[in-house]
Amino acid sequence: MTSSNLATSSETIVRHYVAGQWRHSSSSDTLTVHNPADGAVIAHTPLSDVQEIDLAVRAAHDAYAGWRSMPAGDRIQPLFKLKMLMEQNADAIATTITTECGKTLAESHGELKRAIENIEAACGVPTLMQGEFSQDIARGVDEFMVRQPLGVCAAICPFNFPAMIPFWFLPYAIACGNTYIVKPSERVPLTMQLIFELIEQLDLPPGVLNLVHGGRPAVDALLEHPLVKAISFVGSTSVARHVYATAAAGGKRAQCQGGAKNPVVIMPDCDMDTATRIVADSAFGCAGQRCLAASLAITVGNGRDQFVDRITDAASSRRVGNGLDDDVDMGPVITSQSRDRLTHAIGDLDRGGAHLLVDGREPAVDGGDNGYFLAPTIIDGIAPDHELVGCELFGPVLGLMHFDNLEHVIEFINRGSYGNMACIFTTDGAAARNFRTGVEAGNIGVNIGVAAPMAPFPFSGWKDSFFGDLHGQGRHAIEFFTQTKVVIERWPKVWSRVF
Ligand code: NAD
């Protein structure tokens, strides 16, 4: 790293990056950030107030006129450099992700790769942002549409992908000519602070990219600020609803990705060993803290026994520990409160006939006494009306259900309130086709366990997993971060002969 700001300690108070300057927050209210693997204090996040957010918004607003008038081909040049800097500093960024978020180093590197892919996709803006032109819509009259940026836009991000999720939006926003503000989750402020140290090296005009920290007051200040034109939110459904409603009431564009409860269906004809390995990775990878984690595995017909035995083995043999250690498959959950919430939810399961098949509540983790560990947990026999069915636990807890036929499974899935992802494991093309056609979810996997769209595709949640119409990533992001302007043009003295 070229910057020395990477080292963190219990004294580190993360800073804002506003108008091209690092600034200490004026707020005395802070949240203590812990390393979830050992409970050590690694930083403090300032919980900014309205005035601090206002400073950032004004800085972004001041930068807007100059930035939007720069040619698109010039606006993407800093993104090429950012991709290079992020690749060169991948180890430092991945280590920071693991240290504050808990996932394994391999998972952190995977997340970072997804962030960089979005930078690459956004570099297509000179083409992706092109307009449309119709010559001679009437004699001597032409009509065309151009895309223009919106102004100041902002991202409000969750804790579980501190590097990737801001990049579903940020590179597209600035490539399209907007200026931008990122507010990371107050629980994982260090990764974006580190990435902004790289952004500082891009020599962007001051105010084009800004970083602010905080919790609800900071979010509400962004939502209520008249100079903010668009909000991208990712987090839990209840907050997504609040953000969507407040942004819309203020006349802002909003795209709000919410929570999930993702079913994966195991057909009896599938390759059981492969399906089990993939479902275990989906359910327990990132300690189950992925919005695309499999949380309900549904076996159909006589595949039940084969799958239950295999998934039990897969869960029991997963190595839990500090994500920085080489031989670890799964790290801790984000906070002690999360671990306690999950532990209580597991303890309350007896109601409704469900039973624990694998109990991860007392994991044996070397040196992990102070960490927030919960080992993979499997609950079998969940009835369609069990309270767990509609409840996002967001931890390494997989529920098992059993149905007689696929038609009933699809009806069951479609009764659910979320629609982030649904997957099927099968060798039967017709079953796969009926599933992907009939299931009400925005991201579908066929023999895939985490159906995470690549950067050129929209991250397509449905129902209570998404509020808005244009999603993050790809062409949807270009449309979200631009407004169309249509021009109908007639020039007098048009020659009667057209060459
Ligand atoms: P969260 O909703 O608690 O927080 C998300 C953001 O909202 C944070 O920046 C936080 O500061 C802010 N916030 C929290 N409470 C708020 C309030 N009352 N008012 C205004 N702002 C508030 O979510 P989280 O725990 O950080 O992340 C986990 C959730 O995110 C899960 O539900 C997960 O499914 C979801 N998620 C969804 C996707 C997706 O693409 N659909 C991706 C990742 C995570």
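Remember, it's 1-based here, ligands and their atoms both numbered in the order they're listed.
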Other residues, nucleotides and ligands only: do more than 12 of their heavy atoms fall within 6.0 Å of [atom1] on [X]?
X: H61; atom1: NE2; value: no
X: F403; atom1: CZ; value: yes
X: R475; atom1: CZ; value: no

Legend entry - Lys/Arg cation over aromatic F161: K103, 6.0 Å, 45° cone: yes

Inset, instruction - Answer yes or no: does an N/O atom from E186 fall short of 3.5 Å to an N/O atom of ligand 1? - result: yes

Legend entry - Test of proximity, S236 against ligand 1: N or O pairs below 3.5 Å: yes

Proximal ligand 1 atoms for [X], defined as those under 4.0 Å from one of its heavy atoms:
X: H242; answer: 19 (N), 20 (C)
X: N160; answer: 43 (C), 44 (C)
X: C157; answer: 5 (C), 6 (C), 8 (C), 9 (O)
X: N420; answer: 41 (N)
X: R187; answer: 3 (O), 24 (P), 25 (O), 26 (O)
X: W168; answer: 40 (O)
X: I156; answer: 6 (C), 7 (O), 9 (O)
X: F459; answer: 40 (O)

Legend entry - Any protein heavy atom nearer than 4.0 Å to atom 4 (O) of ligand 1: no

Testing the 3.5 Å rule here: is there a donor-acceptor pair between the side chains of [X] and [Y]?
X: T95; Y: T98; value: no
X: H213; Y: S25; value: no
X: W168; Y: Q257; value: no

Contact between [X] and ligand 1, counting heavy atoms under 4.0 Å?
X: F161; answer: no
X: Y418; answer: no
X: I165; answer: yes
X: G461; answer: no

Counting heavy atoms only, which of [options] comes nearest to [atom]?
atom: atom 7 (O) of ligand 1; options: F233, F394, F466; result: F233
atom: atom 35 (C) of ligand 1; options: C291, P158, G235, G259; result: G235
atom: atom 37 (C) of ligand 1; options: C256, G215, A260, G258; result: G258
atom: atom 19 (N) of ligand 1; options: R216, Q289, R290; result: R216

Legend entry - Presence of salt bridge, E117 and K113, under 4.0 angstrom: yes

Legend entry - Chi angles and distances behind the salt bridge (Lys or Arg N to Asp or Glu O under 4.0 Å) call for D62, R58: CA-CA 6 Å; D62 290 347; R58 288 187 186 284; over 6 Å; no

Among all protein heavy atoms, pick the one closest to [atom] and tell me residue, atom and distance.
atom: atom 12 (C) of ligand 1; value: V219 CG2, 4.0 Å
atom: atom 40 (O) of ligand 1; value: Q257 NE2, 2.6 Å
atom: atom 15 (N) of ligand 1; value: V239 CG2, 3.6 Å
atom: atom 26 (O) of ligand 1; value: F159 N, 3.1 Å
atom: atom 32 (O) of ligand 1; value: E392 OE1, 2.6 Å

Legend entry - Heavy-atom closest contact (L223 atom, V243 atom, distance): CD2-CG1, 3.7 Å

Legend entry - Note, R318 side chain near D281 side chain (heavy atom, < 4.5 Å): yes

Legend entry - From CG (L292) to CZ (F459), nearest 0.5 Å: 4.0 Å

Inset, instruction - Report the distance from atom CG of L47 to atom CD of E52, rounding to the nearest 0.5 Å. - result: 10.0 Å

Inset, instruction - Check the angle between the aromatic planes of F394 and F159 and answer parallel, tilted or perpendicular using the 30° and 60° thresholds. - result: perpendicular

Inset, instruction - Just let me know how V243 lines up against ligand 1, side chain, backbone, both or neither, with a heavy-atom cut-off below 4.0 Å. - result: neither

Legend entry - Derivation of the ring pair (Phe, Tyr, Trp, His ring centres under 6.0 Å) call for Y17 and F196: CA-CA 7 Å; Y17 185 76; F196 264 77; 5.7 Å; yes

